[in-house]
Amino acid sequence: MLSSRSLLALLLPPLLLLGAAPGPAGALSAEERREMVELHNLYRAQAAAANMLRMRWDEELAAFAKAYARQCVWGHNKERGRRGENLFAITDEGMDVPLAVQEWHVEQQHYNFSAAACEPGQVCGHYTQVVWARTDRIGCGSHFCEKLQGVEETNIHLLVCNYEPPGNVKGHRPYLEGTPCSQCPSGYRCENSLCEPMSDPEEVTETPSFLATEASDSRKEGAEDPAGSETYAGLTSGSGHIWGPLLALLLLPPLVLAGIF
């Protein structure tokens, strides 16, 4: 992912940015929405989890994400409530959904499942949200920002994805290890190693027991804030470096920037 060009950026709690040339603004196309859901479910199925729910697109979450993307802010939405959130940005000819999900998932290498935590000094919060077993809805919006607040680079495509129920609950692992689908909730069947409702998801009214338990714990302990300290580093042109408490990342064309948890 990294080669030597003139941009260095600090990745702070969670965000991701790429760079090249400007392109048109717009919401995700039907094909991009399909890719987003399919790639999430592909990575979720690969986790070999006992209780992984199939993810589906949610238009309300998409509208919420799009509205925030229009604000062109490089930082997490402080008004997102109980929604999970992943961010990605690219200064290329257009949004690259497969690359965004790939960049989030590659953080798996920095996640210590036994300790239920990222390795010291590493980022893994995008990954854990992607494979959080109880999260079953995603909605994303993108916007072309001539100027992205918090970043000096111009002409950036910003992608915001929101999730429900949110992942990254402090002290919890993203999923239960075991034979795929061996602990699906009642009323769910197994399909391609994922738990899927037997009826229309919109008609499912009973909260699966393992989700209810985790939701209760989330209210008691508080879900981890994907934005961490709510302090964000920018990105500068030129050959200088930016240093920060987590890590510095060399950003090249196409320039990528992702937030971290």
Side-chain angles (χ1 to χ4, degrees), residues 1 5-28 32 36 61-97 99-101 103-104 107 123 125-126 129 138-163 166 168 224-261:
M1 166 180 144
R5 279 292 175 105
S6 59
L7 293 174
L8 285 169
L10 171 69
L11 291 191
L12 288 180
L15 307 173
L16 180 57
L17 178 67
L18 277 188
L28 269 63
E32 288 173 325
M36 183 66 74
L61 285 175
F64 184 86
K66 175 63 178 176
Y68 183 64
R70 286 196 184 106
Q71 297 182 32
C72 292
V73 175
W74 185 239
H76 284 284
N77 185 354
K78 297 180 180 180
E79 306 300 323
R80 67 184 180 277
R82 299 300 304 165
R83 301 174 183 88
E85 186 171 83
N86 274 354
L87 305 179
F88 176 89
I90 179 169
T91 63
D92 206 340
E93 293 183 355
M95 182 51 61
D96 190 330
V97 167
L99 179 59
V101 185
E103 290 293 330
W104 294 337
E107 295 172 3
V123 178
H126 294 98
Q129 177 60 85
I138 181 175
C140 307
S142 66
H143 192 73
F144 176 71
C145 302
E146 293 185 359
K147 173 59 181 173
L148 185 61
Q149 182 180 329
V151 174
E152 292 186 11
E153 193 70 17
T154 59
N155 299 323
I156 294 174
H157 296 265
L158 175 63
L159 174 68
V160 178
C161 287
N162 287 118
Y163 301 81
N168 295 339
E224 290 184 357
D225 188 348
S229 65
E230 296 291 354
T231 301
Y232 305 92
L235 141 81
T236 61
S237 299
S239 57
H241 292 71
I242 295 178
W243 289 272
L246 295 181
L247 73 160
L249 175 67
L250 175 63
L251 297 184
L252 15 136
L255 172 66
V256 167
L257 178 58
I260 61 180
F261 291 83

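Nothing here was measured: the structure is a model prediction, and the numbers come from that model. Numbers for residues simply follow the sequence, beginning at 1. Below, each value reflects all heavy atoms present in this structure, side chains not excepted, and no hydrogens, waters or symmetry copies.
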Original post:
Just wondering, do H76 and L87 contact through their side chains at under 4.5 Å, heavy atoms?
Top reply: yes

Original post:
Looking at CG of L148 and CD of E146, how far apart are the two atoms once the value is rounded to the nearest 0.5 Å?
Top reply: 12.0 Å

Original post:
In Å, rounded to the nearest 0.5 Å, how long is the span from CE of M36 to CG of L159?
Top reply: 4.5 Å

Original post:
Of all residues at least two apart in sequence or in a different chain, which pass the ring-ring contact (aromatic ring centres under 6.0 Å, His included) check with F64?
Top reply: none

Subject >> Pairwise distance CD(E103) to CG(D96) - rounded to 0.5 angstrom >> reply: 9.5 Å

**OP:** Locate the shortest heavy-atom distance separating Y68 from G75; write the atom from each residue and the value.
**Re:** OH-O, 2.5 Å

**OP:** To the nearest 0.5 angstrom, please state how far the OG atom of S142 sits from the CD1 atom of I90.
**Re:** 11.5 Å

Original post:
Between F88 and V97, is any pair of side-chain heavy atoms under 4.5 Å apart?
Top reply: no

Original post:
Which heavy-atom pair separates C140 from L28 by the least distance, and what is that distance?
Top reply: CB-CD2, 4.0 Å

Original post:
Could you state the interatomic distance from CD (Q71) to NZ (K66), rounded to the nearest 0.5 Å?
Top reply: 12.0 Å

**OP:** Please name all residues satisfying side-chain contact (heavy atoms from CB on, under 4.5 Å) with E79, sequence neighbours left out, ordered by chain then number.
**Re:** N77

Subject >> Side-chain donor or acceptor of N168 paired with backbone N/O of G125 under 3.5 Å >> reply: yes

Original post:
Under the side-chain contact (heavy atoms from CB on, under 4.5 Å) test, which residues partner Q149, sequence neighbours left out?
Top reply: V73

Subject >> Nearest atoms (heavy-atom pairs only) where L158 meets C145 >> reply: CB-SG, 4.3 Å

Original post:
Which heavy atom in A65 sits nearest to a heavy atom in G141, and how many Å separate them?
Top reply: CB-N, 3.5 Å

**OP:** Using only heavy-atom distances, determine whether the side chains of E85 and N162 contain a donor-acceptor pair under 3.5 Å.
**Re:** yes

Original post:
What distance do C161 atom SG and W104 atom CH2 have between them, rounded to the nearest 0.5 Å?
Top reply: 3.5 Å

